[in-house]
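Since the structure comes first, as structure tokens, the remarks are kept for the end.
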Amino acid sequence: MKKIKISAVALILTAASFASTSALAADVEAGKAKSSTCVACHGMKGVSMIPMYPNLAGQKEQYLAAQLKAFRDGSRKNMIMAPMAASLSDEDIANLAAYYAKLDPTGK
């Protein structure tokens, strides 16, 4: 029972830390400017034309940020994304996540 309570507290604290990196703290326009290298695989509006590359438009901001950080720190392995994320700062990641989260998932 104690493990469940500790896990619940950890989950709440993690969610709170993600909430603090919301679009209010990020610069959507800076994210748009930084996204120029993402376009080749993920499309101009975050909707990929290539089935093996995921759509980014409309994804949850916290999810996008977590994935980019995981690629950057190596906890998520991907030969293409690891070098792309390696040079991103926390601010870059927050800005990119805010930008893609704001895009229409239909690509319009």
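Taken from CG in Leu88 to NZ in Lys69, the straight-line distance is 11.0 Å, to the nearest 0.5 Å. Once rounded to the nearest 0.5 Å, the distance linking OG of Ser35 with CG of Leu103 reads 8.0 Å. Between the NZ atom of Lys60 and the CD atom of Gln67 there is a distance of 14.0 Å, given to the nearest 0.5 Å. From Tyr99, atom OH reaches atom CG of Asp27 across 12.5 Å, with rounding to the nearest 0.5 Å.
Applying the side-chain contact (heavy atoms from CB on, under 4.5 Å) criterion to Ser89, with sequence neighbours excluded, gives Glu91, Asp92.
With hydrogens and angles ignored, the 3.5 Å screen pairs a side-chain donor or acceptor of Ser48 with a backbone N or O of Cys41. Put simply, the side chain of His42 never gets that close to the backbone of Tyr53: no donor and acceptor are under 3.5 Å apart. Within the 3.5 Å criterion, the main-chain N or O of Ala30 finds no donor-acceptor partner in the side chain of Asn95.
A side-chain contact (heavy atoms from CB on, under 4.5 Å) with Phe71 is found for one member of Lys77, Met84, Met81 and no other, namely Met81. With Leu96 as the fixed residue, the side-chain contact (heavy atoms from CB on, under 4.5 Å) test singles out one of Lys32, Lys34, Glu61: Lys34.
Under the 4.0 Å criterion applied to side-chain N and carboxylate O atoms, Asp90 and Arg72 are assigned as salt-bridge partners.
Minimum heavy-atom separation, Ala65 to Ala97: N-CB, 3.8 Å. The two atoms that bring Ala26 and Ala94 nearest to each other are CB-O, 3.4 Å, heavy atoms only. In this structure, Pro83 and Ile80 approach most closely via the heavy-atom pair CD-O, 3.3 Å.
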